[in-house]
Structure formats: C-alpha cells, structure tokens
Amino acid sequence: MKRTLATDVTGAKDEQVKLQGWVHSRRDHGGLIFIDLRDHTGLTQLTIRPEEVDKQVFAAAESIRDEFVIEATGTVQERDEELKNPHIATGDVEVVVQSLRVLNKAETPPIHIHGEDQSSEENRLKYRYLDLRREKMQLMLKKRAEMYKIIREYMEKNDFTEIATPVLANSSPEGARDFLIPSRLHQGKFYALPQAPQQFKQLLMVGGVHRYYQFAACFRDEDPRADRLYGEFYQLDMEMSFVEDGEEVREIIDPLISGLVKDFAGKTLQNDNIPRITYAEAMEKYGSDKPDTRFGMELVDLTEKLTDCGFGVFKKAIDDGGAVKAIAVPKQFSRSEIDKLTDLAKQEGAGGLPYMIVENGVATSSIAKFFSDDELATILETVGAKDGDTIFFGSDKRDKVNKVLGGMRSHLGNELGLKDPDVVAALWVIDFPFYEWDEKANKLDFGHNPFSMPKDGVEALEKEDKLSIVADQFDLVMNGYEASSGAVRNHNPEIMYRAFAALGYDAEYVESKFGAMLNAFKYGAPPHAGCAPGMDRIFMVLMGEDNIREIIAFPKNGSGVDVMMNSPSEIDPEQLKELGL
RNA sequence: GGGCUCGUGGUGUAGCACGGUUAACACGCCUGCCUGUCACGCAGGAGAUCGCCGGUUCAAAUCCGGUCGGGCCCGCCA
C-alpha cells in the first residue's frame with residue numbers, strides 16, 4: 001500500500017493509502033470519531049466509523065490522545081459538499097480508516113502545539129522538540145534550508161568555492177570574548193572557537209583561492225539581545241581576490257539580497273538599486289550607523305540658524321563647537337509621554353529633551369519664548385514641521401546630539417508604527433572611520449578591526465587628524481539591523497605596521513598577534529576584499545521576526561543557557577584531570 | 001556589571017494600587033453522553049501551599065526586605 005503524505009491525499013481520491021504522523025486533534029462523537037493527522041506537510045482528517053472497522057480499531061481510536069504517533073490505513077473519499085472544510089488544504093477529502101496502529105503514546109504536552117505562540121518562550125525553549133512541531137516553526141526550518149540553497153547556487157554561479165575552515169582555532173586579540181578550549185595534548189595551552197574565520201579566509205586568498213565562501217559558524221561569548229544569539233551564529237563568509245574597491249563586493253551581494261527580499265520572502269524592496277550612503281551621512285541624517293529607512297523623520301541641523309539664539313542651552317552648545325539638531329514627529333504627546341521620552345534621551349546621555357508643539361503654523365512650548373519669531377519660523381521651515389507635529393531638539397557635541405536624536409527617531413519609529421512590515425529597506429553604509437575615539441580608555445582605537453584598508457592608501461594614515469581617516473569598510477543594513485559588514489582588506493604588511501603604530505603599538509606587538517598573516521603577506525598576497533552577511537539576522541528580517549530565537553531550531557536563552565539540554569553543565573573531574581585543569 | 005519589567009493549577013492570563021469567606025477565567029486534562037465534526041457539543045470532575053526565604057499584621061497572592069528565574073535595554077558585541 002502506498003505511503004501517503006497528509007497533503008497528498010487530495011490527489012489520491014478513492015485510493016487506499018497509509019498515513020503516518022501525529023494526532024493533531026481528536027473529535028469523538030461517540031459513534032463517530034474524527035482525527036486530524038498531522039505530518040510534516042500538514043493535516044488530513046481521518047474518519048473512523050464503527051461499521052467499517054473492527055471493534056479493536058474503534059476502541060483504539062477512542063483511546064488515542066493528542067500528539068500520539070499513529071499509522072492509519074484507509075480509503076481517500078471525497079466529502080459531501082456540505083462537509084467540505086475550506087479552511088484546510090485537504091478539506092475536500094477525508095480518509096475513511098480501515099486500520100489504525102498506535103506507534104507511540106504521548107503525555108499531555110506542556111506547551112500549546114496548536115496556533116500561534118500561546119506558551120511562554122521559557123517553556124517553548126525547554127520543550128523545543130514540541131515547539132518545532134508547530135506550523136510556524138516547521139516553516140522556519142524549511143525556509144531556512146531554502147534560503148541556503150538559493151545562496152549556495154548563487155555563490156557557485158559566481159565562481160565562489162565553498163571551503164571549510166577550522167573550528168578549533170586560535171584566540172584572537174581584538175573583538176569579542178573567546179570561547180576557549182583547553183588542549184589535552186598541550187596542557188596549559190588553548191584553542192579558541194573562531195569569532196569569524198577572518199584570518200583563514202584571508203590566508204585562502206594568499207593561497208590562490210579566487211573566491212571563497214562558506215556558511216561559517218562564528219562563536220562569541222558576549223551578552224545576547226533580541227537580535228543577537230548567545231554564543232554562536234552563522235554568517236555567509238565570503239572573500240574575493242584581486243578586488244581593491246569595496247564596491248565590487250557590494251555589487252556581488254546586491255542581486256542576492258534583492259532576490260531574497262523579493263522572490264524568496266515576497267516582500268517589497270524599498271529601493272531596487274540598494275543605496276549607498278556614507279557613515280558620516282548616516283550619522284548626520286539618522287543618528288545611527290544602521291538606520292531603518294522605512295520611514296523619514298530625519299535629523300535636521302539647526303546649528304547655523306541658531307548661532308545667536310537666546311536659549312542658553314543651545315547657545316552654549318554652539319559656542320562650544322557643538323550642534324543643535326531637531327526631528328519633527330507626526331504626533332502630539334501627552335505630558336507623561338514627553339516625560340518618558342525625556343528619560344530615554346537622558347539614558348542616551350542628553351541633559352534633557354527640549355520640544356515644541358506645532359499648532360496653527362506656530363511652534364509653541366515653554367522654551368519658545370527664548371527665540372525670536374524669525375527663529376521660530378526658521379525652525380519650522382528647516383525642520384519641515386506641520387501642524388500636529390512635535391519637534392524634539394538635541395544640543396551638545398555633534399556626536400552626542402546624533403546619538404540622542406537617532407535613538408529617539410528609532411524608538412518613535414517603532415512606537416508610531418512607521419515601519420512597514422512588508423517592506424525591506426536595504427542600504428550600504430560605506431566609508432566607516434578607520435579609527436575611533438575610545439571614550440572609556442581615552443585613546444584612539446580601530447573602528448571595526450585592524451584588517452581593513454585605509455581608503456586613500458598608506459598616505460592617508462599620515463594624516464594629522466586620525467579620526468578623519470576613512471576605511472574602505474562598509475555595512476549592509478536591513479530595516480535597521482546590521483546585516484553584514486565587509487571591507488577591502490589590508491594585504492600590505494607595511495600598512496599594517498603603520499596602522500598599529502598610530503595607536504602606539506610596535507612591530508613586535510603586531511608580529512606577536514598576527515604573525516601568521518603578516519608572514520603570509522610577505523609571499524605575494526593578492527589584494528582582496530569580502531564581507532560576511534549574518535544569516536540568522538537576515539533570515540529574521542526576511543521572515544518579519546523581531547526575535548532571533550524565533551527562527552533558530554535550538555537557541556540558547558537570554559542567559560546563554562540551553563534550557564532543554566541543560567548546557568552549560570558541570571564536568572566530570574576525570575575529564576578535567578585529563579586536561580590538567 | 002547596571003536599568004526597567006514579569007513570575008498565580010499542565011498552558012496562557014485575571015485578581016495585587018485599597019490585605020479579609022471556598023483564588024477567577026480560557027485552553028488543556030479526566031469521566032459519562034453524543035454518527036458529520038473540523039475552535040465539535042452537552043453534563044460532571046480533578047488539578048494551584050500564588051517562584052523561594054524572611055518581615056509587618058489578628059490575617060499576606062496582595063504590603064516591605066532579600067533572593068532565584070525569565071524578558072527587554074545599556075554596557076559589551078561587527
């Protein structure tokens with residue numbers, strides 16, 4: 001007898017079929033029992049009539065409970081018109097059961113398997129194997145595989161070679177905390193799980209690999225977030241040799257992203273040609289290096305226009321070389337809402353949150369009296385505020401103003417529902433600064449990582465103002481999430497030494513940290529560039545989720561604990577002893 | 001490390017600001033009835049020392065202190 005899938009029964013009318021799956025629900029009418037059988041394809045209704053089966057079979061049907069694993073054989077029959085159920089795919093037919101076998105029993109499930117997330121995440125993670133039976137999670141697993149297939153085909157078509165790099169690697173001096181693995185053979189020494197296969201992929205370029213890619217597992221021991229998994233994640237790690245301009249990398253990725261958004265996810269790509277904006281522009285307009293551009297509410301600079309204004313707070317900021325900027329928000333807020341927003345601004349480092357309300361073409365508020373009518377009119381015009389809008393101001397050092405108003409913009413974009421879930425706004429933020437100022441350590445540090453190429457070559461590194469040096473380094477941003485970073489790599493040891501020298505590190509230090517790579521570069525390293533789109537996060541955006549745990553089979557919770565497997569766990573003293581620990 | 005927030009039958013919540021009978025509702029579970037349901041229906045039932053510890057009080061799910069756990073955010077992280 002033919003083994004049939006739940007959703008294939010429609011095409012098997014009047015045929016004898018055998019189905020295997022789980023009991024999704026059971027409706028016992030006494031003299032007639034319906035069972036919705038669920039397998040990985042969907043649901044089919046089994047109908048058990050006492051006149052058509054043995055007594056034992058009917059008794060079995062009576063004793064069956066939800067989530068039992070069963071095997072049923074029977075005949076597919078078209079339902080009478082009035083009995084058809086348009087809500088399920090197989091609702092036109094039913095399987096009239098002849099025999100029934102319980103393959104396994106099931107206790108009452110501790111989470112709801114029907115419908116949308118009706119159980120706490122805590123329980124869902126603890127019983128993930130049950131959670132995965134849910135339609136939504138099944139879809140996530142299948143779509144993820146589909147996405148991988150699309151990407152793999154695209155990369156192969158573009159001459160990329162899939163190569164695996166070691167998972168037992170070395171601790172890297174920069175960046176995130178490492179996961180360390182004690183060596184048994186070399187006691188006192190450690191491997192580390194790679195934060196990314198960065199050095200390996202660059203060494204592949206030196207090794208003559210033209211274009212490389214892999215779905216690389218990356219490991220970082222940093223606190224998780226809603227959009228950041230704890231411990232491990234996957235990126236489409238890729239690198240191209242003989243590329244000296246980051247644009248070439250972006251042009252490879254563009255069609256892939258475009259296809260994933262439109263064809264794979266069925267969403268609208270905001271701009272068919274994925275825009276490029278500089279880091280500086282992103283910070284000025286959106287106050288963020290990963291702006292969500294599905295909505296406007298851009299930051300407007302008022303510094304020039306308010307140099308002589310009578311409002312002491314603004315005046316002082318401007319006199320101190322800072323900036324005054326504003327955003328117009330299409331809503332009037334209550335006093336308590338303003339208070340909450342003010343708290344938010346303060347968390348971002350602002351002293352307060354000055355605002356004006358626009359009514360009848362006039363800006364009013366407690367601070368309005370400090371401005372001339374001309375200045376008020378200029379503010380309205382420059383900010384582009386309309387009646388019913390609220391204008392929020394920031395005044396401080398330029399960086400801080402951008403940060404505060406950028407945080408406000410992002411927050412309000414959510415609050416006011418300005419983020420269209422059917423649209424994906426993708427953009428490249430390019431020209432990241434090579435160095436940045438580390439406020440805490442009060443010293444210069446690398447912006448992203450030390451492996452990037454300064455944009456105007458070695459000479460650029462000699463600039464007096466180190467903070468103005470731009471790297472050929474870029475991020476892909478999707479709906480306000482950082483989806484990828486990438487760069488033209490530094491393949492020249494000289495530049496590497498100089499880049500570190502500017503931070504006060506000598507050649508010895510550089511050699512001790514990056515010896516293998518520096519050494520390799522001496523033997524003819526081709527120029528190369530690449531990027532590493534984060535698969536989990538991109539998939540999350542494509543699926544319209546805002547919690548990255550929703551799209552992963554077995555995520556750890558917010559404390560880095562696998563509540564299902566109970567990892568991390570204590571270890572047998574014998575194992576420790578063997579490692580010399 | 002810090003801030004905010006949540007913790008009540010198997011599951012999800014209400015009750016808590018203002019302490020006071022038997023802790024309520026929905027889903028699920030159990031028993032019985034039911035031959036066309038698909039959120040099946042009907043009747044009945046079981047199931048919770050309200051995360052834990054301590055305090056205040058005649059009396060604590062409710063107030064106070066502490067602690068543990070979850071979630072979001074900052075720090076951190078590309």
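Because the structure is predicted, anything quoted here is derived from the model rather than measured.
A:Asp546 places its CG atom 14 Å from the C1' atom of B:C73, with the value rounded to the nearest Å. Look at CE on A:Met408: it is 14 Å from C1' on B:C73, rounded to the nearest Å. In this entry the distance linking CZ of A:Phe219 with P of B:C76 reads 24 Å, nearest Å. For the pair A:Lys556 NZ and B:G70 P, the computed distance is 14 Å after rounding to whole Å. When rounded to the nearest whole Å, the span between NZ of A:Lys290 and P of B:C77 equals 14 Å. As rounded to whole Å, 15 Å separates atom P of B:C38 from atom CG of A:Asp66. Between A:Tyr230 atom OH and B:C72 atom P there is a gap of 16 Å when expressed in whole angstrom units. What separates CG of A:Asp562 from P of B:G70 is a distance of 13 Å, to the nearest Å.
Counting distance only, with no hydrogens placed and no angle test, the side-chain atoms of A:Arg228 and the base atoms of B:C76 include a donor-acceptor pair under 3.5 Å.
Across B:G28 and B:U35, the matching C1' atoms stand 26 Å from one another, rounded to whole Å. Distance check on atom C1': B:U49 versus B:C72 gives 32 Å, rounded to whole Å. Atom C1' of B:C77 sits at a distance of 42 Å from the matching atom of B:G55, rounded to the whole Å. Spacing between B:G7 and B:G15 at atom C1', rounded to whole Å, works out to 15 Å. Rounded to a whole angstrom, the distance from the P atom of B:G47 to that of B:G10 is 11 Å. Going from the P atom of B:C52 to that of B:U37 covers 46 Å, rounded to whole Å. Taking the C1' atom of each, B:U62 and B:G51 are spaced 16 Å apart, rounded to whole Å. Rounded to whole Å, the separation between the P atoms of B:G54 and B:A59 comes to 15 Å.
Between A:Gln202 and A:His528, the side chains place a donor N or O and an acceptor N or O closer than 3.5 Å (distance only, hydrogens not considered). In this structure, a donor-acceptor pair under 3.5 Å is present between the side chains of A:Tyr212 and A:Asp237.
Aromatic rings of A:Phe392 and A:Phe333 (six-membered ring for Trp) have centroids within the 6.0 Å cut-off, being under it. No close placement of the A:Phe446 and A:Phe451 rings is indicated, their centers lying 6.0 Å or farther apart. Residues A:Phe474 and A:Phe432 keep their aromatic ring centres 6.0 Å or farther apart.
No donor-acceptor pair under 3.5 Å is formed between the side chain of A:Glu94 and the backbone N or O of A:Thr47. Under the 3.5 Å distance criterion, the side-chain polar atoms of A:Asp39 are matched with a main-chain donor or acceptor of A:Ala6.
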Could you write out each protein N or O paired with an N or O of nucleotides 39-47 of chain B at a distance under 3.5 Å?
| unit_1 | atom_1 | unit_2 | atom_2 | d |
| --- | --- | --- | --- | --- |
| B:C40 | N4 | A:Asp28 | O | 2.4 |

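Along RNA chain B, the nucleotide closest to A:Gln45 and the one closest to A:Gln473 are compared, and the more 5′ of them pairs with A:Gln45.
Among B:U31, B:C76, B:U37, the nucleotide with an atom closest to any side-chain atom of A:Glu222 is B:C76. Out of B:U35, B:C72, B:C77, the shortest distance to the side chain of A:Arg549 is found at B:C72. Listed candidates were B:U37, B:C77, B:U35. Nearest to the side chain of A:Arg220 is B:C77.
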Checklist entry - Between A:Val429 and A:Lys290, is a side-chain contact (heavy atoms from CB on, under 4.5 Å) present by the stated rule, with each step listed? => result CA-CA 8 Å; A:Val429 177; A:Lys290 45 183 171 69; over 6 Å; no
Checklist entry - Which is it for A:Met147 and A:Met543 under the side-chain contact (heavy atoms from CB on, under 4.5 Å) test, yes or no, and what are the steps along the way? => result CA-CA 11 Å; A:Met147 179 177 79; A:Met543 300 305 285; over 6 Å; no
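Pairing for B:A24 is with B:U13, a Watson-Crick or G-U wobble pair whose two hydrogen-bonding atom distances lie under 3.5 Å. Nucleotide B:G44 forms a pair with B:C30, judged by Watson-Crick or G-U wobble geometry with both contacts under 3.5 Å. B:C72: Watson-Crick or G-U partner is B:G3, with both key distances under 3.5 Å. In a base pair of the Watson-Crick type (N1 to N3 plus N6-O4 or O6-N4) or a G-U wobble (N1-O2 and O6-N3), with each distance short of 3.5 Å, B:C50 is matched with no nucleotide. Base pairing of B:C63 is made with B:G55, judged by Watson-Crick or G-U wobble geometry with both donor-acceptor distances under 3.5 Å.
The side chain of A:Arg79 places no N or O atom within less than 4.0 Å of a non-bridging phosphate oxygen (OP1 or OP2) of B:U37.
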Checklist entry - Can you give one letter per nucleotide of nucleotides 1-11 of chain B, going 5' to 3': B for a protein heavy atom under 4.0 Å from the base, S for sugar-phosphate only, - for none? => result B--------SB
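The only option from A:Glu415, A:Met297, A:Lys419 that meets the side chain to side chain contact (heavy atoms under 4.5 Å, CB included) definition with A:Ser410 turns out to be A:Lys419. Residue A:Tyr234 is tested with A:Arg537, A:Arg144, A:Gln214 for a side chain to side chain contact (heavy atoms under 4.5 Å, CB included); the sole match is A:Arg144.
Nucleic acid contact class of A:Ser559 (heavy atoms, under 4.0 Å, all strands): sugar-phosphate only. Residue contacts shown for A:Glu121 are limited to sugar-phosphate atoms, with no base heavy atom under 4.0 Å away. Note on A:Asn557: only backbone sugar-phosphate atoms sit closer than 4.0 angstrom, heavy atoms only; bases stay farther off. A:Asn547 comes within 4.0 angstrom of the backbone, heavy atoms only, and of no base. Counting non-hydrogen atoms under 4.0 angstrom, A:Gly175 reaches the backbone sugars and phosphates but no base. Residue A:Glu94 is classed as a base contact, given a heavy-atom separation below 4.0 Å to a base. A:Gly447 comes within 4.0 angstrom of a base, heavy atoms only.
Glycosidic conformation at B:A26 (O4'-C1'-N9-C4 for purines, O4'-C1'-N1-C2 for pyrimidines): anti, more than 90° from 0.
Using cut-offs of 30° and 60° for the angle between ring planes, the A:Phe219 and A:Phe179 rings count as perpendicular.
By the side-chain contact (heavy atoms from CB on, under 4.5 Å) test, A:Thr73 is found to be paired with A:Met1, A:Lys18, A:Gln98, A:Ser99, residues two or more places apart in sequence or in another chain being considered.
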